2 protein chains.
Amino acid sequence: MPADAPPASPARDQVFRALADGSRRALFERLCREGELTVARLTDGAGISQPAVSRHLAVLKEGGLVEARPAGRATFYRARADRLAPLDDWTREMRATWHARLHALDDVLRRMDN
Amino acid sequence: MPADAPPASPARDQVFRALADGSRRALFERLCREGELTVARLTDGAGISQPAVSRHLAVLKEGGLVEARPAGRATFYRARADRLAPLDDWTREMRATWHARLHALDDVLRRMDN
DNA sequence: CTCATTCATAACTGCGTGGTTATGAATGAG
DNA sequence: CTCATTCATAACCACGCAGTTATGAATGAG
């Protein structure tokens, strides 16, 4: 019998969704590499407008992947790479069940009768 | 100086995109747990129409996360959980640079002058 | 006080995409 | 041979979303 399916947590959904976009991943990468950066600084490197950057950062923040630190008229953003855990957990679980299945007996039996 | 940004491989893009959708992840999960399944079988469990399932499987296949094995009028799909590697690689790299940054001296200096 | 800078939000646009139904090709069953 | 099943594809629709420009609030500089 197959194990229960995982609850499909909304937290995981948000993380996957946040990282689905390349521009968002690029922003996250820069924050991981260069530490805290203001929106203006991030906008310089990215090839998109400042409002686009702001909205991407908002999505990342909703996913918990980024934190904002307002300082005067500037706002510094920093990455929270530790919040990538849901992603790791999911892949680990997928690989685990998949690998278990590869060695399972009934899988062999299932293959035998096409 | 910051390390070079990764090349943003299209392969990684496809994997992230494929897993961005919840229905797609659910299909992949079932294939990991239950092994090879036909489209009809997959359609039963999912809450969506058969064409929708077929197209999701096509996206997963483009990302290399799934393989098709035609058998008569049926087509069996199986997961390739090992193809989740690009995802792991990326998260590992992000965490690595992020963690390195947390311990870097100039990060501390940067924080000192807001 | 005045002006420039920084950022977020609103309003809009175009496109990608996830869903549907309809259809047809391929194939096994009877 | 005929009919049912399985699947993929086409055509269509609605919505979400990534991008833009415009705008305004907040704040530091002079």
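Just so it is clear: chains get the letters A, B, ... in the order the sequence lines come, proteins before strands, and each one is counted from 1. Predicted model, so just to flag it, every value in this text is computed and none were measured.
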* Using Watson-Crick and G-U wobble pairs with both distances under 3.5 Å, what is the 5'-to-3' dot-bracket string of DNA chain D, with [ ] for crossing pairs and | for pairs outside the strand? -> ||||||||||||||||||||||||||||||
* Asked: Hey, can you pull the residues of residues 48-58 of chain B with a non-hydrogen atom under 4.0 angstrom from DNA chain C?
  -> Ile48(B), Ser49(B), Pro51(B), Ala52(B), Arg55(B), His56(B)
* Is there a side-chain contact between Arg80(B) and Val66(B), using heavy atoms and a 4.5 Å cut-off? -> no
* Are any side-chain N or O atoms of Arg69(A) and backbone N or O atoms of Phe76(A), one a donor and one an acceptor, separated by less than 3.5 Å? -> no
* Thr97(B) and Glu93(B): side-chain donor and acceptor closer than 3.5 Å? -> no
* Asked: Should Glu29(B) and Glu34(B) be marked as a side chain to side chain contact (heavy atoms under 4.5 Å, CB included) after you check the CA-CA gap, both sets of side-chain angles, and the distance that decides it?
  -> CA-CA 8 Å; Glu29(B) 284 182 21; Glu34(B) 308 175 27; over 6 Å; no
* Salt bridge check: are Asp89(A) and Arg12(A) linked by an N-O gap of less than 4.0 Å? -> no
* State the CG-OG1 distance between Asp44(A) and Thr38(A), to the nearest 0.5 angstrom. => 7.5 Å
* Parallel, tilted or perpendicular: rings of Trp90(B) and Phe16(B) (30°, 60°) -> perpendicular
* **Spacing between Gln14(B) atom CD and dG16(C) atom P, to the nearest angstrom** => 15 Å
* Is it true that Arg92(B) and Asp88(A) have a side-chain N and a carboxylate O under 4.0 angstrom from each other? -> no
* Are Val59(A) and Arg24(A) close enough that some pair of their side-chain heavy atoms sits under 4.5 Å apart? -> yes
* Phosphate OP1/OP2 of dG19(C) contacted by Ser23(B) side-chain N/O (<4.0 Å) -> yes
* To do: Could you pick out which residue, Arg24(A) or Gly72(A), lies toward the 5' side of DNA chain D when each is mapped onto its nearest nucleotide?
  => Arg24(A)
* **Start and end of chain A contact along DNA chain D [non-hydrogen atoms, under 4.0 Å]** => dC17(D) to dG28(D)
* Is Glu67(A) close to Arg83(A) at the side-chain level, that is, under 4.5 Å between some pair of heavy atoms? -> yes
